[in-house]
Amino acid sequence: MKHVPEIRLTPTRPALDARPLEKRVGLIILATDHTTEPDFRRMVASDRVGVYVARIPYANPTTPENLRKMQPSLTAGAALILPDEPLDAICYSCTSASVVIGDAEIETAVQAAKPGVPVVTPPMAGVRGLKALSARTISILTPYTVETSRPMAAYFAAHGFDIASFTCLGFEDDREMARIAPASLVDLAREATDAQADALFVSCTALRAALAVIGMEEAIGRPVVTSNQATAWNCLRLCGDDEPRAEFGRLMTLPLN
């Protein structure tokens with residue numbers, strides 16, 4: 001057997017940085033989610049900002065009842081993200097569930113595990129983004145069924161927007177929603193945007209809509225806000241990152257009001 005030297009313990013320890021990365025963004029995503037992590041790697045993660053993910057149980061089809069069933073898992077999901085360490089923002093990445101469960105209820109559940117952390121939901125970020133763009137009349141495009149889309153329409157109306165048109169695609173499985181090609185979303189955006197709308201909101205964190213924002217904005221001649229783009233923008237601004245990222249749409253050039 002080869003000689004093994006005595007293991008030596010150094011008498012001093014190296015100095016520690018306050019954090020491995022300066023800022024921390026937590027993500028709570030669905031077990032079935034194909035899209036949020038790649039989008040946040042692309043739009044949020046950097047040498048300065050770390051993105052840390054927990055998945056919670058979810059079972060299709062995407063109905064209000066199934067979406068609501070995620071609420072009891074939110075606290076445990078948040079607790080799994082860097083336990084006992086603070087975050088600069090945490091996002092629950094499900095647009096349709098957020099409108100069904102409610103922003104305040106989600107914030108309460110997340111902050112039970114992460115006290116004081118700013119909580120972001122996709123519809124909340126969408127509202128903030130549309131207001132930053134000074135949009136008042138909007139069109140909405142979702143991949144959901146009519147049943148699952150109704151609470152979305154009510155949410156944006158309750159936040160003061162006039163909804164000029166609302167188009168849904170009738171999908172029930174978020175894994176299929178993730179397979180819709182970004183190029184197809186450009187054509188769908190053109191068809192879904194009313195002439196009177198100031199902007200288009202494209203709902204659903206499963207959609208690869210962030211990859212199609214520039215194409216959609218060029219096609220309709222006005223701003224486009226998508227679920228993952230809006231939450232990425234909101235989380236970046238909460239981390240003090242105001243760098244414009246025009247490649248992800250007009251919203252990504254604006255401050256958080």
Side-chain angles (χ1 to χ4, degrees), residues 25-46 49-71 73-74 76-78 80-81 89-101 106 120-126 140-145 148-149 152 167-189 192 201-216 224-236 245 247-249 252:
V25 172
L27 276 179
I28 303 171
I29 66 175
L30 281 58
T32 52
D33 187 328
H34 284 270
T35 307
T36 300
E37 283 181 279
D39 274 353
F40 266 62
R41 279 199 302 270
R42 189 179 299 114
M43 293 188 285
V44 178
S46 68
V49 181
V51 177
Y52 307 93
V53 184
R55 289 179 177 256
I56 60 174
Y58 174 70
N60 282 293
T62 301
T63 63
E65 292 74 23
N66 281 347
L67 294 165
R68 197 173 286 112
K69 289 177 183 177
M70 283 187 278
Q71 184 174 357
S73 301
L74 290 172
L80 289 171
I81 302 174
I90 189 165
C91 172
Y92 170 47
S93 192
C94 186
T95 322
S96 51
S98 294
V99 301
V100 171
I101 296 169
I106 291 167
V120 176
T121 70
M124 175 197 303
I140 298 176
L141 172 64
T142 84
Y144 320 127
T145 62
T148 302
S149 294
M152 189 73 59
T167 304
C168 65
L169 305 180
F171 284 82
E172 294 186 326
D173 191 316
D174 70 317
R175 296 164 298 182
E176 292 183 345
M177 298 174 198
R179 290 164 54 195
I180 299 172
S184 296
L185 294 173
V186 175
D187 293 331
L188 289 165
F201 178 66
V202 182
S203 179
C204 191
T205 59
L207 290 179
R208 289 175 287 160
L211 295 173
V213 169
I214 294 298
M216 289 189 285
V224 173
V225 175
T226 82
S227 290
N228 288 347
Q229 171 221 38
T231 54
W233 166 77
N234 200 159
C235 288
L236 282 169
R245 290 171 170 81
E247 66 271 25
F248 297 116
M252 280 291 222

**Asked** Looking at OH of Tyr92 and CG of Leu74, how far apart are the two atoms once the value is rounded to the nearest 0.5 Å?
**Response** 5.5 Å

**Item:** Distance in Å, Asp33 CG paired with Asn228 CG, rounded so as to fall on 0.5 Å steps
**Value:** 7.5 Å

**Asked** Excluding sequence neighbours, so at least two apart, what forms side-chain hydrogen bond (donor to acceptor under 3.5 Å, both in side chains) with Ser93?
**Response** Thr36

**Request:** Compare all side-chain heavy atoms of Cys91 with those of Thr121 and state whether any distance is below 4.5 angstrom.
**Result:** no

**Fill in**
salt bridge (Lys or Arg N to Asp or Glu O under 4.0 Å) pairs touching residues 62-71, sequence neighbours excluded, are none

**Request:** Tell me yes or no: between the side chains of Asp174 and Asn60, is some donor less than 3.5 Å from an acceptor?
**Result:** yes

**Fill in**
Nearest heavy-atom approach of Pro64 to Val100 is O-CG1, 3.7 Å

**Message:** What I'd like to find out is whether the side chain of Ile81 reaches to under 4.5 Å of the side chain of Ile28, using heavy atoms alone.
**Reply:** yes

**Message:** Between Ser73 and Tyr58, is there a side-chain donor-acceptor contact under 3.5 Å, judged purely by atom types and distance?
**Reply:** no

**Request:** Report yes if the side chains of Arg41 and Val51 come closer than 4.5 Å at any heavy-atom pair, otherwise no.
**Result:** no

**Request:** Sequence neighbours left out, what passes side-chain hydrogen bond (donor to acceptor under 3.5 Å, both in side chains) with Thr95? Give chain and number order.
**Result:** Ser227

**Message:** Quick test of your reading of the model: are Glu247 and Arg42 salt-bridged, counting only N-O distances below 4.0 Å?
**Reply:** no

**Fill in**
Between the CD1 atom in Ile180 and the CG atom in Leu169, the distance rounded to the nearest 0.5 Å is 5.5 Å

**Message:** Let me confirm one number: the CE-CZ distance from Met177 to Arg208, rounded to the nearest 0.5 Å.
**Reply:** 14.0 Å

**Message:** Once side-chain contact (heavy atoms from CB on, under 4.5 Å) is applied, do any residues pair with Ala189, and if so which ones, sequence neighbours excluded?
**Reply:** Leu200, Met216, Ile220

**Fill in**
Distance col, row Leu185:CG vs Leu211:CG, nearest 0.5 angstrom, shows 9.5 Å

**Prompt:** Taking Val120 as the fixed residue, which of Val25, Ile90, Thr231 is the one that meets the side chain to side chain contact (heavy atoms under 4.5 Å, CB included) rule?
**Reply:** Thr231

**Prompt:** If we ignore angles and hydrogens, is there a donor and acceptor under 3.5 Å between the side chains of Ser149 and Thr142?
**Reply:** yes

**Prompt:** Between Met252 and Gln229, is any pair of side-chain heavy atoms under 4.5 Å apart?
**Reply:** yes

**Item:** Spatial distance of atom OG1 (Thr63) from atom CD (Glu172) [nearest 0.5 Å]
**Value:** 8.5 Å

**Message:** Tell me every residue that passes ring-ring contact (aromatic ring centres under 6.0 Å, His included) with Phe201, counting only those two or more places apart in sequence or in another chain.
**Reply:** Phe156

**Request:** Take Cys235 and Phe40 through the side-chain contact (heavy atoms from CB on, under 4.5 Å) test and state the conclusion after the steps.
**Result:** CA-CA 10 Å; Cys235 288; Phe40 266 62; 4.3 Å; yes

**Message:** Side chains of Trp233 and Met43, heavy atoms from C-beta outward: is any pair under 4.5 Å?
**Reply:** no

**Item:** All side-chain hydrogen bond (donor to acceptor under 3.5 Å, both in side chains) counterparts of Asn234, not counting sequence neighbours
**Value:** Arg128

**Asked** Are the side chains of Val213 and Phe248 in touch, meaning some heavy atoms are under 4.5 Å apart?
**Response** no

**Complete:** For Tyr144 and Cys168, the nearest pair of non-hydrogen atoms, with its separation, is O-CB, 3.2 Å

**Fill in**
All heavy atoms of Ile56 vs all of Gly77, minimum pair found to be CG2-CA, 3.9 Å

**Fill in**
In terms of heavy-atom contacts, Arg55 and Ala31 come closest through NH1-O, 3.0 Å

**Asked** Any idea which heavy atoms bring Thr205 and Pro122 closest together, and the distance?
**Response** CG2-CG, 3.7 Å

**Message:** How close do Met70 and Cys94 get, counting heavy atoms only, and between which atoms?
**Reply:** CE-SG, 4.0 Å

